[in-house]
Amino acid sequence: MATIGDQLTAPESDWRRYDDIDPVIVYTGTWSTETLAGNFGGSAKYTSTIGSVMSFTFFGTKLRIIGGLYSGRTTTAQVIIDGAVVGTINEDSTTSRTKALVFEKSGLTKGNHVVQIKAMDTKVLILDAVDVDEDGYLTRTIGTVLTTPDTGWKRYDNTDSGFKYTGSSWIHESNTSANNYNKTDSYTKDSIGGHSIKFNFYGTKLRLIQASFYKNDFYSDEAKIIIDGVQETFSKKDSNSSSTVPNRQMLLYEKLGLELKVHTVEILSGSNGVYRIQNDAIDIDSDGRLFHPDEVTNPIDLTIGKRIRCYYSTNNGVVGNFAFFGQETAPFITTSAGAGGDLYFICVDKDHAGRLKLIADRNIQHSISWDAINASGVASGSGVQLPKSGYYSSMIPAMTSNTSPQGVAAASTIYSASLDAWKAFDKNTTDAGWLMQSGKWNGAWISYTFSHPTVINKYGIKGPNSNASTDCAKSWRFEGSNDGTNWTVLDTRTNQPAWSTGEYREYVCTNKANYNTYRLVYTANYGGAYVRTMAVDMFQLIEENSMPSVDLLTLRLPTGGINSSDKDNEWDQYIVNSTLDGKVTAGDNNVWNYNGGASWTSTTNVAGSSNRTGRGANGDAGASGYNPSAYVAAATATGFRPVMEVTILPMYRSLIKYEGNYDKYSLNEYIKSSNNNAIPNMTSNTSPSGVASASSMYVGVSTYEPWKAFNGTSSDGSDGWATENGKVSGWLAYKFTNPINIYKYAITSRNSAESGAHSIDSAPKTWTFEGSNDGDNWVVLDTRVNVTGWNINETKNFELERKYISNFVHYRLNISENNGWGSFTCFAELRLFEIKIISTSGWSTVSTTSPPENTFINEGMGDLSILDRKSMDIVQVMTNTGDLGSGKVFKSTVSLKKYIDINNFYVK
């Protein structure tokens, strides 16, 4: 165990380290940065100004400060924990030492502790890192500015449709002059109370990002927040600031350590202050999710006023398709011609046939004419039936910059800012798209990075806008990567026919793996100085029905009335006048988003047979207008807002009556996958942890030991593992210190282009991927046969079927055949990727009395297979009910409410 003055190049066992540049650490006063390789992370902070302070908050029971020893440095710096001076730091030493332990405190109560390190003289104080408990962590100090979410967090703006604002005096501002997040703000004013913000979220932690001010009568000092029924207060007053304007994007409330589940949240107006409630943004877990309080994830749970989320994608000017019902896939759609994003369908009615009627909460597409909608059949009264699977969905939204609305567009080079990478992804099929620098077409690439790993198995290219005979693509590769360095070739096209101007083509590949980034790499053209690319799109085959409980999906336009006095139409009935059983405020723009522009309806208005009614406008839900059906200029201000009619399959719902209560069992399984290698970068067969082993290894000019396939690099031909000379079959294994779930593995081929290196033909061709808990008995988790087409230093990913994912300590790749080289099998890297399966399942009581039908529908169990049921033989005595000829009649009634899944009857 280290003592004061010792060098600690890394945290000891049971400790974890945070570097001096961690954004949670706050420096006030005068501080500078010392860049030195000997410092932890290559840098450290230092000061020689009295009163300069390093401050942070941590959760845990113990603390270490890592500094630097040198002659003449400070001996008086104070360490203050929770307001009390608990010690000093002495860095004066005749022996120079970086990464030195200069202070330690243990035995603290487990919880949050506020730490300050204060310079007390003019001698140099250097601070390099902070060590806390292994299960501890640094946390933000309440009252600090937080303009972007920290690592491990993600942010939802106040404009997100997942928030429900209750009360009639909300003001929602956009393009504010104040420094709000995304320049938007929601608040009430003039000392008005009785308002609230409601939302649900899935995760373990929550932060409120709001404004604060020192003026006593400006903001409330007792705003209220209720999480899962437990109320707390927080203050929006900043007594430490003398700013003449409110401080924006302040962390004013934080809740950590919640159970991993869906939490209900309500923020209430304070009882004092002019501005008693305000919302700028919230931060939650980076892998969490925001839910509207009235949101459901399964259509069988839809009732009037409830809503379900889904994804919509299309290209400019045509009706697109819907996918991923009940899921968060992309940001909500704003105003774009070729839409790509999420929306809510809100349930507004149930018709005489039992069909649910849903209306989109926004225009999901602009710059589309009524004729284009009609051509797809959607404008008719009966609408069109939607497929539930077996179609492709574009996964890239209409980009407005290289990073907006989500993801990242990039390219090897660009000709000019007006021909940047994102222009190929803007869904505008008429502009020039992306263009590389002159003469740099060979090897030029354009890529898109998704916000989370995504399966892409079709891509589209729109060819040149000019010079098509020379500046068009002839050969290319389509590749995927999870780190931007190691690329897997998913599709290769060579000697493709020349393109006509503006021609669009699509190509299908067989990829089923998730990648963060995909790119198109050009390798040949038709002799010009460029490969001109007007557009690129990427698609996913929707193979799984995300609404298995739905029988039919029909899409159409709403009716809108033939004139302003005609109120017998769906727009007036549901959007203008309905509260949807008290779930919404009638005509609320925060629900229906009509400020984005008018919406087409199916109605032909009194202006004539070529005129269609558009409804809604900025500030007026009931506004109406008349636009010719083919008038494209009008279509830029009139959008597509569909109605979806849903037929739910017959429902069977059950509750279990136990000890007088009606209970249900909920099976909630949350899967958290990682795209980081679960194996540390090995430096030997046993370091830094775990054990690498193999059936044999090649020994020659270089030694191809097992650990070299787990070192995280593929620098050259000798960097990897190989079987011994003369053997092409064999296994490579890694043993973890604890059982772990692996859902994916990746193999990287040998990185050597030298003649005779056999990087490609020595790569594995046929193998099994296996797991074990004792190293002797192995379970086959995945089998691959005839894996060919390797390139030098190419990474191929392989995912396990869900049923084969289980906890194992040992994993191995057991190779039976390579790609033709008779001397040995060799590859550079084997990486394993972890998945955490977290169960929040359990019993809960629905009712203590016999539930009505609606309770069964909304709360009952639809799948009894989740119960561990056992078969029983029930003996039931029959009653003699009289004679029948020379025989007798016996009768008994079997209650199907009491006994379920009856397999056989026996009578004797």
Side-chain angles (χ1 to χ4, degrees), residues 41 151-152 154 286-287 395-396 402-403 406-412 421 425 443-457 459 477-492 509 511-521 536 538 540 672-683 688 690 692 707-717 719-721 732 734 740-753 759 763-764 769 787 789-800 811 813 827-836:
T151 301
K154 70 176 176 181
S286 58
D287 54 0
M395 300 305 295
I396 301 178
N402 280 332
T403 57
Q406 75 168 8
V408 178
S412 52
F425 302 113
W445 53 264
I446 182 169
S447 70
Y448 183 82
T449 300
F450 290 92
S451 57
H452 56 273
T454 301
V455 173
I456 295 296
N457 35 38
Y459 60 97
R477 299 189 307 272
F478 185 63
E479 303 176 335
S481 175
N482 279 315
D483 57 12
T485 301
N486 299 291
W487 293 90
T488 301
V489 177
L490 306 174
D491 189 48
T492 301
C509 54
N511 176 52
K512 291 185 179 295
N514 284 286
Y515 293 101
N516 279 322
T517 305
Y518 293 84
R519 73 178 181 183
L520 195 64
V521 184
V536 176
M538 301 180 191
Q540 181 179 134
K672 181 179 179 182
S673 60
S674 171
N675 276 304
N676 296 321
N677 189 4
I679 302 173
N681 292 337
M682 300 295 285
T683 56
W707 68 268
K708 288 188 175 181
F710 303 115
N711 64 359
T713 63
S714 55
S715 58
D716 55 38
D719 190 359
W721 168 73
L732 175 71
Y734 182 81
I740 186 174
N741 286 308
I742 295 298
Y743 79 100
K744 180 175 72 171
Y745 61 99
I747 304 171
T748 302
S749 60
R750 191 180 185 196
N751 184 16
S752 179
S759 294
F769 181 70
V787 179
W790 291 88
N791 294 307
I792 295 171
N793 198 35
E794 179 187 359
T795 300
K796 292 182 183 288
N797 290 270
F798 306 93
E799 289 197 19
L800 276 60
Y811 288 91
L813 193 71
F827 56 89
E829 280 290 303
L830 175 61
R831 293 192 290 273
L832 308 183
F833 301 90
E834 181 183 13
I835 190 169
K836 294 182 179 179

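For the single chain, residues carry numbers from 1 onward in sequence order.
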Check: [Y] main-chain N/O paired with [X] side-chain donor or acceptor under 3.5 Å:
X      : Y      : answer
Ser749 : Asn791 : yes
Glu799 : Ala513 : no
Asn511 : Ile456 : yes
Ser481 : Asp483 : yes
Asn751 : Ser714 : yes

I need the [X] [atom1] to [Y] [atom2] distance, nearest 0.5 Å.
X      : Y      : atom1 : atom2 : value
Lys512 : Gln540 : NZ    : CD    : 10.0 Å
Asn457 : Asp491 : CG    : CG    : 11.0 Å
Leu800 : Tyr743 : CG    : OH    : 11.0 Å
Ile679 : Leu832 : CD1   : CG    : 3.5 Å
Ser447 : Glu479 : OG    : CD    : 10.5 Å
Tyr518 : Asn516 : OH    : CG    : 9.0 Å

*Over all heavy atoms of both residues, which pair between Leu732 and Ala709 is shortest? Give the atoms and the distance, please.*
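In this case the closest contact between Leu732 and Ala709 is CD2-CB, 3.6 Å.
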Check whether any side-chain heavy atom of [X] sits under 4.5 Å from a side-chain heavy atom of [Y], and report yes or no.
X      : Y      : answer
Phe450 : Met395 : yes
Ser752 : Ser759 : yes
Thr748 : Glu794 : no
Asn514 : Asn482 : no
Phe827 : Trp790 : no
Asn797 : Tyr515 : yes
Arg519 : Tyr448 : no
Thr454 : Met538 : no

*asked:* Ignoring hydrogens and geometry beyond distance, is a side-chain donor-acceptor pair present between Asn681 and Thr683 at under 3.5 Å?
replied: no
*Test side-chain contact (heavy atoms from CB on, under 4.5 Å) on Val787 and Phe798 and set out the steps.*
CA-CA 11 Å; Val787 179; Phe798 306 93; 4.2 Å; yes
With a 6.0 Å cut-off on the ring centroids, do [X] and [Y] count as close?
X      : Y      : answer
Phe833 : Tyr745 : no
Tyr811 : Phe769 : yes
Phe478 : Tyr459 : yes

*Tell me, please, which residues at least two apart from Ser451 pass side-chain contact (heavy atoms from CB on, under 4.5 Å).*
Gln406
*Is there a side-chain contact (heavy atoms from CB on, under 4.5 Å) between Arg831 and Asn486 once you walk through the steps?*
CA-CA 12 Å; Arg831 293 192 290 273; Asn486 299 291; 3.9 Å; yes
*Begin from the C-alpha positions of Ile446 and Val536 and carry the test side-chain contact (heavy atoms from CB on, under 4.5 Å) through to its verdict.*
CA-CA 9 Å; Ile446 182 169; Val536 176; 4.3 Å; yes
*Assess whether side-chain contact (heavy atoms from CB on, under 4.5 Å) is satisfied between Arg477 and Trp445, documenting all intermediate values.*
CA-CA 9 Å; Arg477 299 189 307 272; Trp445 53 264; over 6 Å; no
*asked:* Taking salt bridge (charged side-chain N to carboxylate O under 4.0 Å, His left out) as the definition, give me every residue that meets it alongside Lys708, ordered by chain and number, with sequence neighbours left out.
replied: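 Result, salt bridge (charged side-chain N to carboxylate O under 4.0 Å, His left out) vs Lys708: none returned.
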_Applying salt bridge (charged side-chain N to carboxylate O under 4.0 Å, His left out), can you list everything that pairs with Asp719, at least two apart in sequence or on another chain?_
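So Asp719 forms no salt bridge (charged side-chain N to carboxylate O under 4.0 Å, His left out) with any residue.
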